[in-house]
Amino acid sequence: MKPAVLTGEYFMTGDVACAEGAMAAGCLFFGGYPITPATEIAEHMSGRLPDVGGTYIQMEDEIAAIASVLGASWAGVKSMTATSGPGFSLMMENLGLGICTETPCVIVNVQRGGPSTGLPTMGAQSDMMQARWGSHGDYEIIVMSPSSCQEIFYQTITAFNLSEAYRIPVVIMTDEIIGHMSEKVIIPRAKEIQTVSRVKPKGKKENFKPFKPGPNGVAPMPAAGEGYNVHVTGLTHDEKGYPAMAVEAQEEMMKRLIGKVRNNLDDIIKTEGYLLEDAEIVIVSYGVSARTSFAAVGEARAMGIKAGLLRLITIWPFPEEQIKELAEKVKGFITVEINLGQIHREVQRCVGYRTPAYLVGHHGGTVITPDQVLSVLKEAF
Amino acid sequence: MAKKNKKAELQPAHPLDDLIRTDRIPHIWCQGCGIGTVFSACLIGMKHSGLELNKFAMVSGIGCSGRAAGYVNVDSFHTTHGRAIPFATGLKLANTDLNVIVFSGDGDLFAIGGNHFIHAARRNMDLTVICVNNLTYGMTGGQVAATTPHMARSTTTPSGNPENPFNLPLLAFASGATYVARWTMLHARDLAESIQVALLKKGFSFIEVLSPCPINYGRRNKEKALDTLNMYQEKTIIKNGADPSELDIDFDKGVILGKFIDVDKPTHIENYDKIYRTRE
Amino acid sequence: MEFWRVPFDADEIDVTQGEVHILEDRCKGCGYCIEYCPRQVLEFSSKFNQKGYHPPAVRKPDNCVNCHYCEIICPEFAIYSVETT
């Protein structure tokens, strides 16, 4: 039996690092369904979870997988699933249930080329907008994207922490390239890892309101079997959790669901800047494409072009303010991503007419090379 | 108002009031709908099981029967259409002390959720699944379901249903359920006892309950609520241990009720614990 | 649902006496309790409840043997019986 935190230095794939990050974060339930290129996360968790008293189950499809994850979360344990495009599409309805019922959980999408079955064994970043808007209705969600195997280890822990702190599903949008790539991963000692668990209610159990927000907009969350007799529904509901088919109830619930993200942007949004201080051209990128962009910035600088990189660690909520501020002082933006301009649209929206914004996109199946970025950079500026 | 309160004080509470969310009564079910009776039998079964009430959880899907979770005063979950069983599976696996009841309708459990049903039964997941079978999609106004009899009329089969319905106990048996029974809501006492037995039994238990939908099924098939109940009384026969393949619902020939399957098999949780939690 | 024969030991059995309670405003007037009461204790009342339905009324109180069938068949938690001694 191995401990939850496997302190040491390893050479491991992004998928395995993600699974180890989940273990370190205190995940005790994984509802899985095989899909390339995310299967290795399920495989690794199936062997690891029983070590720490957790449970792995392979469900009959991705819909069942995420439904079981939501159920397990209401039993009081940190739970997760991992999938790729087709499975992510199937999960969308229950992702909405997770949002509406404020159920903490982590969903990993190891992206591959699409649409439909697409390129199962080849990477892409083309589900970025689906992660934001894929489920019906208006909502806010937290979505992150890692650029290395080491980062996905830590990001999985952060994803659990945010999900527990805000009672919200958190999505990690990685890709086949990071998922199947092996790199050095350092797992620190257990006491060096900060984990967050949902706030439990205190006091009277009678007439408890499981959706009455605390000071930070998030309601304490009891688990099933603790005697609070909660009712949880995907219908529009009041603070007691009871269905409330009324315009006012909808407004109150929506304000709560959206407010807990929008009022805590500083705590949630993480980005990384590289040579941004004097940059005239900002490359916006994330995930594996940020590595391409990092190399392109280095080469551009060697040619005397003042390029910098804004790497998005949190994708949603989008770092609007930061991009707006940069737009005031730089000559232009280039978004680098393995899709045909999903985050580029978002950058354009924030930049407006202040400066030009270009896209270095790709149809999917492989990484973008630094040369492709450089040629656009040279042509445009 | 003061006068009314006084009356309420004088009248003892309904014996099931402690198990229902009285602040949500009256429920949404129509006049003559049998779901309330099935729900009531479920609460009686819970009470008589002697199990700790706080350790019960009820999970429902979408539809008229799916609203049951909203009326029971234990931890209750009203999930998405068809997904009550996988949600319940996660709940049970993450806290094996819970007694998880899935209470939902035929459309929810056997059309959109059919795949989850057969897999939970195959795994022998420790759940008690109660299916209120009213032969139609009631909430949306009476469309044809996977349980609607051949040639019955619905809003989407205006000239009669061209398809044939599921034999649910046979499906449950074939999928591996360890307890399978069928009652009608008129057999409420047998039903309550059956639910009690199912709750105390480990493994996957399935109880089908025939129940009238006078508004959206009966009305289109010339069946008043009391006609349906009289049919339940006159055209059914209790035959415990009947062969599941004989259990098609055809009121012209007669419908068989009773407990059909009651076997013991290791549950998913027992097997998982044995194989995975005793490793070196 | 009447008995069609008298059990041999009928005179040795103490039949319990029940008292029916009706929560009138919960009733939706389906009439199941009236139709299926084995002792014909109940009938539709002529008055309306808050929701506009005719709730049942006790017609033959002495007939009730506290079998609880009305309680268990009622879909509305609107009727129950208790034993009187």
Side-chain angles (χ1 to χ4, degrees), chain A residues 1 28-31 46-47 49-51 53-79 81 93-98 100-101 103 105 205 207 210 222-235 237 240-243, chain B residues 19 21 23-24 28 52-60 62 66-67 69-100 112-113 115-120 122-123 125 268-269 272-273 275-280:
Chain A
M1 293 280 185
L28 283 177
F29 183 86
F30 191 105
S46 70
L49 275 171
D51 285 348
T55 304
Y56 170 88
I57 185 164
Q58 188 163 307
M59 297 302 284
E60 51 276 12
D61 56 30
E62 286 92 346
I63 303 173
I66 188 161
S68 73
V69 165
L70 297 178
S73 186
W74 275 100
V77 311
K78 294 184 182 177
S79 39
T81 185
E93 189 194 9
N94 277 296
L95 177 66
L97 180 67
C100 188
T101 57
T103 308
C105 62
K205 293 188 177 178
N207 258 320
E226 289 179 346
Y228 288 91
N229 294 350
V230 293
H231 180 56
V232 177
T233 175
L235 286 167
H237 48 268
K240 180 96 171 86
Y242 286 0
Chain B
L19 262 178
R21 298 182 190 268
D23 50 348
R24 297 207 62 223
I28 61 158
E52 200 187 328
L53 293 175
N54 270 347
K55 295 292 171 199
F56 276 108
M58 186 182 280
V59 185
S60 290
I62 295 296
R67 291 302 187 95
Y71 301 116
V72 65
N73 196 23
V74 300
D75 291 309
S76 53
F77 302 90
H78 179 222
T79 63
T80 45
H81 197 17
R83 318 305 169 199
I85 287 177
F87 188 101
T89 298
L91 196 63
K92 176 70 185 177
L93 286 175
N95 182 356
T96 52
D97 291 340
L98 294 173
N99 294 300
V100 184
I112 188 167
N115 197 30
H116 308 308
F117 179 88
I118 59 173
H119 284 278
R122 173 184 60 78
R123 289 186 187 106
M125 190 53 64
H268 176 277
I269 291 164
Y272 189 80
D273 284 350
I275 300 163
Y276 285 89
R277 302 212 196 279
T278 54
R279 296 183 306 173
E280 286 301 306

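Chain letters run A, B, ... following the sequence lines, proteins first and then strands; every chain starts at 1. Note that this is a predicted model, so its numbers are computed, not measured.
For the set Ile63(A), Ile57(A), Asn229(A), the entry with the most heavy-atom pairs within less than 4.5 Å of chain B is Asn229(A). Residue with the most contacts toward chain A among His116(B), His119(B), His81(B): His116(B) (heavy-atom pairs, distance under 4.5 Å). Taking Arg123(B), Lys55(B), Lys92(B) one by one and counting their heavy-atom pairs under 4.5 Å with chain A, the maximum is reached by Arg123(B). For the options Trp74(A), Tyr228(A), Phe29(A), heavy-atom pairs under 4.5 Å to chain B are most numerous at Trp74(A). Per-residue counts of heavy-atom pairs under 4.5 Å with chain A were compared for Gly70(B), Gly113(B), Ala57(B), Ser60(B); the largest is that of Gly70(B). Contact tally against chain B (heavy-atom pairs below 4.5 Å) for Val230(A), Ile66(A), Val69(A), Thr233(A): the top residue is Val230(A). For the set Gly31(A), Ala223(A), Gly96(A), Ala224(A), the count of heavy-atom pairs under 4.5 angstrom toward chain B peaks at Ala224(A). Per-residue counts of heavy-atom pairs under 4.5 Å with chain A were compared for Asn95(B), Thr89(B), Val74(B); the largest is that of Val74(B). Residue with the most contacts toward chain A among Ile85(B), Val72(B), Asp23(B): Asp23(B) (heavy-atom pairs, distance under 4.5 Å).
A distance of 8.5 Å separates NE2 in His268(B) from CZ in Arg122(B), rounded to the nearest 0.5 Å. Atom-to-atom distance recorded for Leu91(B):CG and Thr96(B):OG1 is 11.0 Å, nearest 0.5 angstrom. For the atom pair CE (Met58(B)) and CG (Asn99(B)), the distance works out to 12.0 Å, reported to the nearest 0.5 Å. Taken from OG1 in Thr79(B) to CG in Asn94(A), the straight-line distance is 7.5 Å, to the nearest 0.5 Å.
At least one test fails for Arg21(B) against the ring of Tyr242(A): distance under 6.0 Å to the centre or angle within 45° of the axis.
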Open item on the list: Go through it in stages, so that I can follow the logic: the residues are Met1(A) and Asp51(A), the test is side-chain contact (heavy atoms from CB on, under 4.5 Å), and I'd like the CA-CA distance, side-chain angles, deciding distance and then a yes or no.
Closed with: CA-CA 5 Å; Met1(A) 293 280 185; Asp51(A) 285 348; 3.6 Å; yes
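Both the backbone and the side chain of Leu93(B) come within less than 4.5 Å of a heavy atom of chain A. For a residue to count as touching a neighbouring chain, one of its non-hydrogen atoms must lie under 4.5 Å from one of that chain's; by this rule Asp97(B) does not touch chain A. For a residue to count as touching a neighbouring chain, one of its non-hydrogen atoms must lie under 4.5 Å from one of that chain's; by this rule Ala69(B) touches chain A with backbone and side chain alike. Heavy atoms of Tyr272(B) lying under 4.5 Å from chain A belong exclusively to its side chain. Interface remark: Val77(A) contributes side-chain atoms only to the contact with chain B (heavy atom separation under 4.5 Å). When heavy atoms are compared at a cutoff of 4.5 Å, Leu70(A) approaches chain B by way of both its backbone and its side chain. Looking at Ala65(A), neither its backbone nor its side chain comes within 4.5 Å of chain B, counting heavy atoms on both sides.
The list of salt bridge (Lys or Arg N to Asp or Glu O under 4.0 Å) pairs with a residue in residues 74-87 of chain B, not counting sequence neighbours, is empty.
In terms of modelled atom types and a separation under 3.5 Å, the side chain of Asp61(A) and the main chain of Ala64(A) share a donor-acceptor contact.
With hydrogens and angles left out, the side-chain atoms of His231(A) and Ser76(B) include a donor and acceptor closer than 3.5 Å.
For Glu226(A), the salt bridge (Lys or Arg N to Asp or Glu O under 4.0 Å) partners at least two apart in sequence or on another chain are Lys200(A).
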